[in-house]
Amino acid sequence: MLKMQAPAIDDQLIHELRGRGLRVTSQRIVIHRALCAQTQHMTAEQVLEKVSGVLPGISLPTVYATLELLKDLGLVRRFGTGNGPVLFDSRVEPHAHMVCRRCGATADLDGGVLSEQVAARAAETGFVPDHTQLVVWGLCGRCAAAAD
């Protein structure tokens with residue numbers, strides 16, 4: 001069951017929704033809370049599983065639409081690893097991701113300096129970047145140890 005008290009998270013979402021003339025709904029609040037409560041990246045299906053006890057009858061298309069809205073509001077990041085489902089991340093500050101080629105584990109890699117440099121270089125060419133996504137591929141520590 002999800003914790004139902006998250007005023008700072010809710011305040012940020014409510015501010016963004018109202019600032020754009022959008023409705024504040026229980027689905028939007030609960031889905032945002034569910035994603036922010038997790039330390040790992042989640043698929044829409046995992047979000048649906050987390051919120052279905054609080055929002056009986058919620059559908060996967062509603063979860064996808066809400067996650068896309070949260071992305072558009074700048075409250076979550078959407079990223080794909082190229083092999084598997086799209087993942088959603090409540091951590092929106094610039095950072096890279098590490099993906100294990102063997103088990104598929106995905107983890108954050110702190111620091112956005114390289115992403116910012118890549119975006120700046122793209123801008124120098126006349127390209128107008130809106131975000132960057134850096135994914136480092138390899139083996140996680142557990143898979144690397146098992147390979148030895």
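Fair warning: this is a prediction, and the values are worked out from it, not measured in the lab.
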Taking [Y] as the starting point, is it possible to reach [X] by hopping between hydrophobic residues whose side chains are less than 4.5 Å apart?
{"X": "Trp137", "Y": "Val86", "value": "no"}
{"X": "Leu13", "Y": "Phe88", "value": "yes"}
{"X": "Ile31", "Y": "Leu48", "value": "yes"}
{"X": "Val63", "Y": "Leu22", "value": "yes"}
{"X": "Leu134", "Y": "Val99", "value": "no"}

Can you tell if the side chain of [X] reaches within under 4.5 Å of the side chain of [Y], non-hydrogen atoms only?
{"X": "Leu109", "Y": "His95", "answer": "no"}
{"X": "Arg121", "Y": "Thr125", "answer": "no"}
{"X": "His32", "Y": "Ile9", "answer": "yes"}

Using side-chain contact (heavy atoms from CB on, under 4.5 Å), reason through Cys103 and Arg142 one step at a time and then give a plain yes or no. CA-CA 9 Å; Cys103 72; Arg142 187 177 53 211; 4.1 Å; yes

Do Asp89 and His41 have side-chain N/O donor and acceptor atoms under 3.5 Å apart? yes

Ring centroid separation for Phe79 and His97, is it under 6.0 angstrom? yes

Apply the test side-chain contact (heavy atoms from CB on, under 4.5 Å) to residues Ile14 and Arg18: give CA-CA distance (whole Å), side-chain angles for both, the deciding distance (0.1 Å), then the verdict. CA-CA 6 Å; Ile14 291 166; Arg18 289 187 176 152; 3.5 Å; yes

Strictly distance-based, threshold 3.5 Å: is any side-chain N or O of Arg28 a donor or acceptor partner for the main-chain N or O of Arg23? yes

Ignoring hydrogens and geometry, is there a side-chain-to-backbone donor-acceptor pair from Gln133 to Gly80 under 3.5 Å? yes

Are there over 12 heavy-atom neighbours, none belonging to Arg91, within less than 6.0 Å of that residue's CZ? yes

Could you note down all residue pairs passing salt bridge (Lys or Arg N to Asp or Glu O under 4.0 Å) where residues 64-83 supplies at least one of them, sequence neighbours left out? Glu68-Lys71, Glu68-Arg78

For a side-chain contact (heavy atoms from CB on, under 4.5 Å) with Val30, tell me which candidate from Thr25, Thr66, Val51, Ile58 qualifies. Val51

If every non-hydrogen atom of [X] is compared with every non-hydrogen atom of [Y], which pair is closest and at what distance?
{"X": "Pro94", "Y": "Glu116", "answer": "CG-OE2, 3.9 Å"}
{"X": "Val76", "Y": "Ser90", "answer": "CG1-CA, 4.3 Å"}
{"X": "Met42", "Y": "Ala34", "answer": "SD-O, 4.1 Å"}
{"X": "Val54", "Y": "Pro56", "answer": "O-CD, 3.3 Å"}
{"X": "Glu16", "Y": "Leu73", "answer": "OE1-O, 3.9 Å"}
{"X": "Ala119", "Y": "Thr132", "answer": "CB-CG2, 3.7 Å"}

Can you tell me how far apart CG (Asp10) and NE2 (His15) are? Round to the nearest 0.5 Å. 14.5 Å

dist Leu67:CG -> Leu35:CG (nearest 0.5 Å) comes out at 6.5 Å

Let's go through Ser26 and Leu55 carefully: what are the C-alpha distance in whole Å and the side-chain angles of both, what is the deciding distance for side-chain contact (heavy atoms from CB on, under 4.5 Å) to 0.1 Å, and is it a yes or a no? CA-CA 8 Å; Ser26 59; Leu55 299 169; 4.1 Å; yes

